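Since the structure comes first, as C-alpha cells, the remarks are kept for the end.
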Amino acid sequence: MTTRLREMLHDTAAQVPAYQVEQRALATARRTRRRRATAVAAALVLVVFGGFVLPVTGTPPVDPAGSAGPGALPDRIGLPPLGSLHATDRPRTGPASVIFTGEAGRLTYDDECSLVTVVDGDTDTYRIVRSGWEMTAGTDVVLSPQGRWIAHDPQRGDPRVEIIDLVTGATRQLRSDVPGTVGTEPAGWSPDGESLVVRDSVPTHPDRSDHRRLLSLVRLNDGSSVRLAEAPSGTVPGVVVAFAPDGDRLAWQTGRVVTVARRDGSVIASFPLAPGTDLAGKGAWTPDGRWLSVARRDETGWTLRRIEPATGRDLGALGTAGVDDVVGIQLLGWTATGVPWVVSYLPHPPDSPDFTRPFPNDDRPEYGLIGSIEVLSLPPDGQPPTTLLTAPRQVVSIDIAEEVIRAGHTRVADPPRGVGGRFWIWTTVIVLAVSAIAAYRRREQLTLWWENRRVRRSGVAW
Amino acid sequence: MSQTFHEFVVHRSPALSRTAYLLTGDHQLAEDLLQSALARTYRHWRRIRDGDPEAYVRRAMYHQQVSWWRRRRFTERLEADPAPGRASHPDPSDATTLRMTLAAALRQLTPRQRAVVVLRFYEDLTEAQVAAALGCSVGTVKRHGHDALVRLRAVAPELVDRAPQRSAR
C-alpha cells in the first residue's frame, strides 16, 4: 500500500541538490559558543555581584550620617524582618538610637546565639549583628554614647571584642592583652567613645572548671589597657559600669560592692551596697557628676535613690515616681533637662510576677523572668512614669545611645514588616543560579530558538 | 582514523540535504534545518566524531523539525497554502506533477507525522528505530504513522494507493 509513497519519496529526494551550508553552520556554531560564553560570564558576574559584593563591608566615599543629629527614640520597636541586612551591609544606616536583643525566633539563631537588632537613629531602618552567643544589650553588647559603634563578642571561644562602625561599616577586632584569657566581652563605653571597659575570663584550672574575672579599660586609639579590678570565682566584676559625665571617673558593681575609680585605675572609693539596692545602670551618675544612683526594690516596685560616691551613704530618693509591677529597672541616662530614662523589665508570665527572688550577681536582671521591656521617663517631680518605648514580647534587653537620651526626643515609629534586604539578595541569587542551571540544561533548545529567531528576523520567505 | 568535520560534511551533505528537504518540503527551510543541525554537530564534534555523526545530525534535524517553534512555522504555512485535495487532481503518470502532489500532501501533515513518514518510508527504519530517533514510544510512532497515512490517503490517494480501483475493491 505504501510502495508508491516510498517511490515518490525517493524520487523527490533524488531531485534535491546538496545544500552548501558548511560555512554558515560553522559561523552559527562559533556565534553560539561566543553567546554562551558571554551568558555564562554575565551570570557569574551577577551572582558574584548580587551575592557577595553588595553585602560586603567597605568604607563608603561619603559619611552617610556625618552631619546627622543625635536621633530620636522610636516609640515602639518590632522584631527585625526575616533576612534583614547586617549592620555592615550597604547602605549604611549611620548612628543608631537603639539596640536590643531577645528570645523571639527572629532575635536568635542556632538556638542560643543572639541577633542583635540595630535601629537607625532617625528612621525605622533595622540592621542586625550576629553575636557569638546569647547576648543582652547594655550588658555584654553595648552601644556607644554617640550611637556610632557597637561592641560585642562575635565568637565563642575567641577572646576578642568586635567593634562595628555603623557609619562606615568597618569592623575592628580588639584582642585582649590579658594572659590566658579565654573570653573577652565588652561592659561599657566611656562618654567620648574612645575607651571601652571589657571583662576577661581566665581559667584557674586546666579543665576550665573555674575562672577569675578581670575588668579592664582599653583605650581604642592605641590599644593600651588599664586593669580596673579582679574578681574571684563566681563573681562578675562590672556587671554594671557607669561613667561619670566628664568621663574621668567610673563606677562599677561587683557582687554587692560598688567601686569608684579614675580612668587610670586608681580607686577612689569602694563600699558595699545596702540590701535590696543595686547600682542603677550605665546612667547611674547624676548629670552633674556629684552623685550616684541606685535602684532599690521595695514591696511593690522600684525607686531610684542617690548615694554619695565617696562613701556610699544614702542621700534619699531622687524624687521620681516608683516603677511598680516590674522585674527590675536600669537607669540608662538623663535628658538635658535632668529627666532620667529607665528601662523597665516586664515580668514573664505577665500575670505571675516574681519580685522576691534576688538577682544573681552575674545576671541582673534575671532575664528568664522577663517577658518584655519598656522605656520610661521618670519626671523628677514625682509624676507617674511616661512610657516612651514599647517592645514586642520576648524582647528582653535594650541599650540606648546616651546622646539620644540627652536630646530627649522621641518619634512615632513604624517598625519594618515583611522581609529584609538579604532575603531579596539571596532570592535573586538563587533565582539566577537556578535559571542559569535550567538554561544550561536546555541550552540546545535555547540555541535552536535563538537561531530560529535569527532566521525569522532575516526575512526568510514563506 | 577520525574524519574531519569538513570531510564529513562534503561526503554526507547530499544525503542529509535530501532528508532535510523531505522533512520540510521547502529548500530554504531545508537549508536552514541542515545548517542548524550541522552547527550543533560541530559544537559536539570531538565527542561524536568517532561514533555515528550522521545519525547525530539526522536526530538533530528530526528534533528540530518537530519542536514547537518549527511546528508554529508550519502551521502558519499550512494556513497560507491551499489544500491539494481541493485542487484539481493531477495526472498520476506525470512524475513532476506527482512530486508536486507529494510536496503538497506532506505539507498537510504535522511535523511529527511527516518525520515518521520520512523515517519509515524513506529511511526504511523500523517503528522501534523511528521511536528511538524521535525519542518517543513505539505506540506514538504507530499512531502518527497511521494518522499520516489516513491523511495522505484523504488528500492524495494516488500516493498511497496506486489505482483508485484497488481502493474501491
Side-chain angles (χ1 to χ4, degrees), chain A residues 1-43 436-462, chain B residues 5-6 9-10 12-22 25-32 34-43 45 60 63-64 67-70 73 76-77 80 92 95-96 98-99 101-103 105-106 117-118 120-122 124 149 152-153 158-162 166:
Chain A
M1 189 176 75
T2 57
T3 304
R4 184 71 168 163
L5 177 61
R6 292 176 194 273
E7 291 174 356
M8 287 312 303
L9 285 171
H10 282 274
D11 183 53
T12 300
Q15 310 301 316
V16 176
Y19 302 134
Q20 304 303 314
V21 297
E22 181 185 3
Q23 294 307 314
R24 284 154 50 193
L26 292 176
T28 299
R30 289 164 183 152
R31 188 167 55 245
T32 302
R33 280 181 179 169
R34 285 197 302 271
R35 286 171 178 164
R36 184 176 300 168
T38 303
V40 169
I437 292 171
Y440 179 77
R441 296 183 66 171
R442 302 179 69 85
R443 59 191 181 281
E444 301 293 350
Q445 293 183 22
L446 286 174
T447 302
L448 294 175
W449 170 82
W450 184 261
E451 288 302 318
N452 190 57
R453 179 172 173 270
R454 182 185 62 78
V455 170
R456 281 204 311 274
R457 288 194 168 186
S458 65
V460 173
W462 292 98
Chain B
F5 180 75
H6 174 70
V9 173
V10 167
R12 301 310 308 161
S13 274
L16 293 170
S17 298
R18 289 194 286 271
T19 301
Y21 179 77
L22 291 177
D26 181 285
H27 288 296
Q28 190 71 44
L29 289 177
E31 280 194 25
D32 178 32
L34 180 58
Q35 174 190 329
S36 296
L38 287 176
R40 180 177 174 181
T41 304
Y42 178 73
R43 293 200 302 274
W45 181 250
H63 284 285
Q64 289 180 57
S67 57
W68 69 269
W69 50 88
R70 289 190 180 275
R73 294 168 68 178
E76 292 167 353
R77 188 178 179 88
T96 302
L98 264 180
R99 282 198 296 274
T101 302
L102 175 68
L106 290 179
V117 167
V118 172
R120 286 281 289 125
F121 306 118
Y122 175 70
D124 288 327
L149 290 178
L152 287 176
R153 190 176 294 116
E158 62 273 25
L159 292 177
V160 180
D161 304 304
R162 179 175 286 275
R166 291 171 61 188

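Since this is a predicted model, take the numbers as computed values, not measurements. Throughout, a chain's letter reflects where its sequence line sits, starting with A, and its residues are numbered from 1.
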- Nearest-0.5 Å distance that lies between atom CZ in A/Arg33 and atom OH in B/Tyr42: 5.5 Å
- Least distance between heavy atoms, B/Ala39 atom then A/Ala29 atom: O-CB, 3.5 Å
- Contacting moiety of A/Gln20, where chain B heavy atoms sit under 4.5 Å: neither
- Message: As a quick check of understanding, evaluate side chain to side chain contact (heavy atoms under 4.5 Å, CB included) for A/Leu9 and B/Val117, giving each step before the final call.
- Response: CA-CA 9 Å; A/Leu9 285 171; B/Val117 167; 4.1 Å; yes
- Item | Distance, nearest 0.5 Å, that separates CZ of B/Arg18 from OH of A/Tyr19 | 10.5 Å
- If you take all heavy atoms of A/Val21 and B/Glu31, which pair is closest and at what distance? CG1-O, 3.9 Å
- Among side-chain atoms of A/Thr28 and B/Gln35, is any donor-acceptor pair under 3.5 angstrom? yes
- Query: Side chains of B/Leu38 and A/Leu26: does their closest heavy-atom pair fall under 4.5 Å?
  - Reply: no
- Message: Under 4.5 Å from any heavy atom of chain A, what part of B/Ala30 do you find: side chain, backbone, both or neither?
- Response: both
- Message: Counting neighbours of CZ on A/Arg443 that are heavy atoms of other residues, nucleotides or ligands and sit closer than 6.0 Å, is the number greater than 12?
- Response: yes
- So what's closer than 4.5 Å to chain B heavy atoms on A/Arg30: side chain, backbone, both or neither? side chain
- So, the part of B/Arg43 with a heavy atom under 4.5 Å from chain A: the answer is both
- Task: Specify whether B/Tyr122 and A/His10 have parallel, tilted or perpendicular ring planes, treating 30° as the upper limit for parallel and 60° as the lower limit for perpendicular.
- Result: tilted
- Message: Quick check for you: to the nearest 0.5 Å, what is the distance between A/Thr12 atom OG1 and B/Leu106 atom CG?
- Response: 8.0 Å
- A/Ala14, part contacting chain B, at a heavy-atom distance under 4.5 Å: backbone
- Task: Taking the side chain as every heavy atom from C-beta outward, state whether A/Leu5 and B/Leu149 have any pair of such atoms under 4.5 Å apart.
- Result: yes
- B/Ser17 versus A/Ala18, closest heavy-atom pair with distance: OG-CA, 3.5 Å
